[in-house]
Amino acid sequence: MIIVMRSHASETEIKEVIKKIEKMHYKPHVIKGIERTVIGAIGDERGKERLQSLESMPGVEKVMPILQPYKLASREFKPENSKIKVRNVSIGGKEVVVIAGPCSVESKEQMIESARIVKKAGAKILRGGAFKPRTSPYSFQGLEEEGLKMLALAREKTGLPFVTEVMDTVDVDMVADYADILQVGARNIQNFSLLKKLGKVKKPILLKRGMMTTLIEFLMSAEYILSEGNPNVILCERGIRTFETETRNTLDLSAIPVIKSKSHLPVIVDPSHAIGHWQFVSAMSKAAIAAGADGLLIEVHPRPEEAFSDGAQSLKPERFAKLMKELKPFVIASNRSGL
Ligand code: PEP
Ligand code: MN
């Protein structure tokens, strides 16, 4: 349920409503708008009609049900776009944000070199995987904490915040100690214990759509994080599996406007994992911006031919720099800025 407070409701009235929601064993989620405060009462769907009685409390304008199965992620609950702050960067505002870097963290030198390359070309956030979800147990699995230290060093040298994947609940606290954004990979989209744990973390979460996840399931996974108290979720479309074999996945660009109509959360696109071949990353990046994406997640490697993982889809430094220049007119045409 959404409890809409009157525009001049006092702090005491708001507090009383929060107390009452808790007493009824629901969790209050408060959004303080410029005009008025709105409180979401989230919990057991059975018997939620009881909350209707809050309408008689002082300061309450009306109580309305949220019709969608995702509640806190919905535009019904929060009509205006969410902006997620990551150090000095904001995702979901007017500015398009590019996140770039290698698939895997391989060494100190590789990470610092990568960070310098992507920063020079205009990326605002660095990526690099220290825990790698690989199809084969014999493939490179990542440098784990050593890798996190290398990412932190690259941040220190360049000032770029970084995003890195966390695969397991046992590593969440450690990864959160280092990273600016924690990534949930496509394969973990419905790992509900991981999502719940990430809901308790104080850092933003980059949630990747699974390769066979519907948009409603995607938003329900985001809801797991939001409902545990972490409002900072960035959604990432990274391609879904279809019958097509010429591309690694099929980039579902329709996800961008559809999610944006349903949810206030920012949506970014990962063209690298979607298409799987560096040659097509540029076209799909432009298409994503044109379709309204709030940002891009692009794999860039100083020497893709030497990459420990995903070399075939990684851009060389000069190709990334060229793409960043070519993206500008698309950003402007979409009435955005930032590049
Ligand atoms: C990645 O970003 O390196 C990754 C493994 O992506 P995904 O989970 O989308 O496959
Ligand atoms: Mn990768």
Side-chain angles (χ1 to χ4, degrees), residues 97-106 110-111 114 118 123 125-137 139-144 147-148 150-151 162-168 171 175 179-191 194-195 198 204-213 215 217-218 221-222 225 233-242 247-253 255-256 259 267-278 280-281 284-285 288 293 295-316 320:
V97 174
V98 176
I99 305 172
C103 179
S104 298
V105 180
E106 299 167 6
Q110 172 245 17
M111 232 25 260
S114 300
V118 301
I125 300 174
L126 178 67
R127 66 148 286 150
F131 292 88
K132 295 305 304 174
R134 306 305 301 280
T135 302
S136 166
S139 300
F140 176 63
Q141 302 285 307
L143 299 179
E144 305 190 347
L148 297 175
M150 292 169 192
L151 282 160
F162 72 83
V163 55
T164 196
E165 180 162 352
V166 59
M167 284 168 54
D168 200 309
D171 299 316
V175 177
D180 301 291
I181 308 175
L182 281 72
Q183 176 173 320
V184 177
R187 291 152 189 84
N188 262 325
I189 183 76
Q190 287 193 325
N191 181 340
L194 181 63
L195 299 177
L198 292 170
I205 309 299
L206 194 162
L207 182 64
K208 285 192 146 193
R209 183 182 181 183
M211 46 196 105
M212 47 177 217
T213 310
L215 295 182
E217 287 164 349
F218 192 15
S221 289
I225 302 170
V233 177
I234 303 151
L235 302 171
C236 179
E237 161 61 36
R238 48 75 74 203
I240 51 174
R241 192 162 272 188
T242 66
T247 53
R248 185 173 178 184
N249 292 285
T250 297
L251 181 56
D252 179 14
L253 285 175
I256 307 164
I259 295 176
V267 182
I268 68 163
V269 166
D270 171 351
S272 308
H273 290 87
I275 202 123
H277 304 280
W278 68 264
F280 311 119
V281 167
M284 298 327 286
S285 300
L296 296 166
L297 178 71
I298 301 178
E299 284 189 343
V300 178
H301 195 288
R303 287 162 296 280
E305 63 285 359
E306 292 173 17
F308 288 9
S309 60
D310 286 348
Q313 67 193 32
S314 300
L315 294 183
K316 287 183 176 170
F320 177 63

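Along the sequence shown, residues are numbered consecutively beginning with 1. Both counts, for ligands and for their atoms, begin at 1 and track the order of listing.
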### Query
Does Phe131 have any ring pair (Phe, Tyr, Trp, His ring centres under 6.0 Å) partners at least two apart in sequence or in another chain, and if so, which?
none
### Summary
Restricting Asp310 to its N/O/S atoms, the closest one to the Mn ion (ligand 2) is OD2
### Task
Locate the shortest heavy-atom distance separating Ile205 from Ile181; write the atom from each residue and the value.
C-CG2, 4.1 Å
### Query
Which residues pass the side chain to side chain contact (heavy atoms under 4.5 Å, CB included) test with Ser314, sequence neighbours left out?
Glu299, His301, Pro304
### Query
Can you pull the residues with any heavy atom under 4.0 Å from ligand 1?
Cys103, Arg127, Lys132, Pro133, Glu165, Gln183, Gly185, Ala186, Arg187, Lys208, Arg238, His273, Glu299
### Query
From Ile225 CD1 over to Leu194 CG, what is the distance, rounded to the nearest 0.5 angstrom?
8.0 Å
### Message
Tell me every residue that passes side chain to side chain contact (heavy atoms under 4.5 Å, CB included) with Leu253, counting only those two or more places apart in sequence or in another chain.
### Response
Leu251, Ile256, Met284, Ala287, Ala288
## Note on the structure
Vertex the Mn ion (ligand 2), ends Glu299/OE2 and Cys103/SG: angle to nearest 10° comes to 90°
### Shortest non-hydrogen contact between Leu315 and Trp278, atoms and distance
CD2-O, 3.7 Å
### Query
Any side-chain heavy atom of Ser221 sitting closer than 4.5 Å to one from Leu207?
yes
